[in-house]
Amino acid sequence: MYNFSMSPLNFMKTIVLFFVILVPVFKITGAQPIGVCYGRNGVGLTSPGQAKKTIDLLNANRFGRIRLYDPVPEALDALKGTNIEVILDVPNSDLESLSNSDPTAARAWVQNNILTYTPGVNFRYIAVGNEVDPNPEKSTSKYVDFVLPAMQNVHKAIVDAGLQDQIKVSTATYSAIRSGFPPSQGSFLDTAKGFIVPIIEFLEQNNLPLLANIYPYFSYLDSPPDLPYALFTSEKVVVKDPGNNLEYRNLFDALVDTLYSAVENAGGPNIEIVVSESGWPSAGGREASFENAQTYVQNLIDHVRGNGTPKRQGKSIETYIFAMYDEDMKEGPDTEKHFGLFDPAGQSKYQLNV
């Protein structure tokens with residue numbers, strides 16, 4: 001409360017001191033929240049009460065966003081009344097039923113999994129399918145024809161509910177369907193264009209983002225650059241892109257900008273990319289260690305709150321770390337089991353400054 005006996009000069013000094021103290025606080029609290037992906041392919045991760053423990057763990061560690069790979073009622077109930085923002089996936093197995101020319105199933109999905117929890121749960125995106133790949137050798141290729149019509153039906157249901165300004169519909173893609181180097185030469189593979197270009201056009205027309213799973217770890221394994229370039233620790237420019245005179249000191253930015261180029265070339269110049277997964281394994285393979293995982297994830301957190309990529313400067317990069325827990329039932333290479341920030345009991349594997 002203002003002391004009316006205070007002189008005007010002292011009053012002004014007090015006001016200046018007030019803003020000097022508060023401005024840094026506002027900068028800190030206004031930082032882009034970091035998200036975490038809640039995979040549950042592990043012993044104990046689907047047990048009763050685990051979802052509530054997970055949401056409590058998110059709050060305790062100051063993670064402001066979460067990605068759920070399927071509608072988990074216990075998790076959605078636990079998210080009610082929190083400020084945590086949510087990506088909710090439509091699992092690939094549900095795509096066919098939601099793609100029908102009769103949109104009844106899509107409306108029911110939105111009613112049961114979105115509107116039932118609204119208001120209360122702070123939904124941000126619906127990811128209609130995850131890493132669907134048109135390559136016939138991939139197991140997800142059987143879903144290719146269902147992704148776009150399912151997206152359209154779910155988006156229509158969101159619009160009909162009046163939530164289109166709050167909840168954005170997209171799909172989560174990954175690097176297997178794009179190519180190009182340096183980043184300015186990014187494009188989608190010819191074998192993927194029939195699948196992805198109509199999706200890009202739909203996103204552009206409706207002002208929707210593209211979700212993308214970005215993994216410098218796997219790119220490093222496929223074509224090893226210097227390890228510091230993959231871990232954000234390079235002190236020098238590693239890639240100079242003559243196509244636009246941009247320079248890259250880390251592989252993450254190069255991968256994101258390669259995708260931006262591909263999206264632009266496919267007719268989506270205004271589409272924003274949200275990094276719906278990124279992480280580094282702590283065991284199970286080459287350069288998979290606690291030290292490298294901690295270095296990558298901490299540097300990722302610090303980096304995405306900065307000034308964007310060389311191609312898209314001036315804005316932080318919305319990012320979700322993969323994953324909340326180690327998942328010992330995950331299929332594939334052994335590294336797939338070791339991306340967690342925590343073990344199933346909730347013990348952190350390494351310290352992070354979030």
Side-chain angles (χ1 to χ4, degrees), residues 31-35 87 125 127 131 168 170-190 192-193 196-197 199-220 222-223 225-226 228-280 296-297 299-322:
Q32 177 83 271
I34 298 297
I87 297 178
Y125 306 113
E131 295 189 349
K168 303 297 184 180
S170 188
T171 190
T173 186
Y174 72 130
S175 59
I177 64 172
R178 70 177 190 272
S179 65
F181 185 84
S184 62
Q185 300 301 309
S187 63
F188 291 109
L189 297 171
D190 289 341
K193 287 181 179 178
I196 193 65
V197 170
I199 289 175
I200 296 300
E201 292 172 347
F202 172 75
L203 297 176
E204 177 77 16
Q205 291 165 3
N206 291 281
N207 192 29
L208 301 171
L210 178 65
L211 307 182
N213 300 338
I214 304 290
Y215 284 98
Y217 176 73
F218 294 119
S219 295
Y220 172 81
D222 290 342
S223 181
D226 293 336
Y229 182 58
L231 292 174
F232 295 97
T233 58
S234 176
E235 296 181 355
K236 63 182 180 179
V237 172
V238 177
V239 170
K240 293 184 178 181
D241 190 339
N244 48 23
N245 295 318
L246 297 178
E247 298 179 339
Y248 292 85
R249 286 180 166 83
N250 68 80
L251 182 54
F252 176 86
D253 279 352
L255 292 173
V256 173
D257 278 356
T258 299
L259 181 56
Y260 265 123
S261 294
V263 169
E264 291 167 1
N265 291 332
N270 300 306
I271 290 175
E272 179 181 355
I273 291 172
V274 173
V275 178
S276 47
E277 290 182 12
S278 191
W280 195 283
Y296 178 81
V297 174
N299 288 338
L300 175 69
I301 291 170
D302 296 339
H303 181 74
V304 298
R305 284 176 165 163
N307 294 315
T309 68
K311 189 176 180 67
R312 295 286 182 102
Q313 298 180 26
K315 187 176 182 181
S316 56
I317 307 164
E318 185 171 345
T319 300
Y320 295 75
I321 298 168
F322 187 87

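Numbering starts at 1 and runs along the sequence shown. Please read all numbers here as calculations on a predicted model, not as lab measurements.
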Between atom CG of Leu251 and atom CZ of Phe218, what is the distance when rounded to the nearest 0.5 Å?
13.0 Å

The reported gap from CG in Leu210 to OG in Ser170 (rounded to nearest 0.5 angstrom) is 5.0 Å

d(Asn270 CG, Glu264 CD) to nearest 0.5 Å is 9.0 Å

Beyond-backbone contact of Phe252 with Asn299, side-chain heavy atoms, under 4.5 angstrom
no

For residues 234-247, which residue pairs pass the side-chain hydrogen bond (donor to acceptor under 3.5 Å, both in side chains) check, not counting sequence neighbours?
Ser184-Asp241

Between Leu208 and Lys168, is any pair of side-chain heavy atoms under 4.5 Å apart?
yes

Counting only heavy atoms not in Asn207, do more than 12 fall under 6.0 Å of its CG?
no

Could you give me the CA-CA distance, side-chain angles and deciding distance for Glu318 and Val274, then say whether side chain to side chain contact (heavy atoms under 4.5 Å, CB included) is met?
CA-CA 5 Å; Glu318 185 171 345; Val274 173; 3.9 Å; yes

Going by heavy atoms in the side chains, are Ser278 and Asn213 under 4.5 Å from each other?
no

From Glu131 atom CD to Leu211 atom CG, the distance as rounded to the nearest 0.5 Å:
11.5 Å

After noting the C-alpha distance and the side-chain angles of Arg178 and Leu259, does the key distance pass the side chain to side chain contact (heavy atoms under 4.5 Å, CB included) rule?
CA-CA 7 Å; Arg178 70 177 190 272; Leu259 181 56; 3.7 Å; yes

Using the rule side-chain contact (heavy atoms from CB on, under 4.5 Å), only one of Val275, Asp253, Ile273 pairs with Ile214; which is it?
Val275

Any chance the side chains of Glu277 and Tyr215 put a donor and an acceptor closer than 3.5 Å?
yes

Could you check whether Tyr217 and Tyr296 have their ring centres less than 6.0 Å apart?
no

Hey, are the side chains of Ile87 and Tyr320 touching, using non-hydrogen atoms and a 4.5 Å cut-off?
yes

How long is the span from the OG atom in Ser261 to the CD atom in Gln185, to the nearest 0.5 Å?
8.0 Å

Would Arg312 pass as a cation-pi partner of Tyr260, given that its NZ or CZ must be under 6.0 Å from the six-membered ring centre and within 45 degrees of the axis?
yes

Residues Tyr125 and Ser276: side-chain donor-acceptor under 3.5 angstrom
no

Is a side-chain donor or acceptor of Asn250 paired with a backbone partner of Leu231 at a separation under 3.5 angstrom?
no

Between the side chains of Asp257 and Thr309, does any donor sit under 3.5 Å from an acceptor?
yes

Rounded distance (nearest 0.5 Å) linking atom OH of Tyr229 with atom OG of Ser219
9.5 Å

Could you give me the CA-CA distance, side-chain angles and deciding distance for Ile34 and Arg305, then say whether side chain to side chain contact (heavy atoms under 4.5 Å, CB included) is met?
CA-CA 9 Å; Ile34 298 297; Arg305 284 176 165 163; 3.6 Å; yes

Kindly assign one of parallel, tilted or perpendicular to the pair His303 and Phe232, based on the angle between their ring planes and the thresholds 30° and 60°.
tilted

Can you name the closest pair of heavy atoms from Phe188 and Ala262 and give their distance?
CE1-O, 3.4 Å

For the residue pair Trp280 and Tyr220, categorise the inter-ring angle as parallel (less than 30°), tilted (30 to 60°) or perpendicular (more than 60°).
tilted

Could you walk me through whether Glu204 and Ile199 pass side chain to side chain contact (heavy atoms under 4.5 Å, CB included), step by step?
CA-CA 9 Å; Glu204 177 77 16; Ile199 289 175; over 6 Å; no

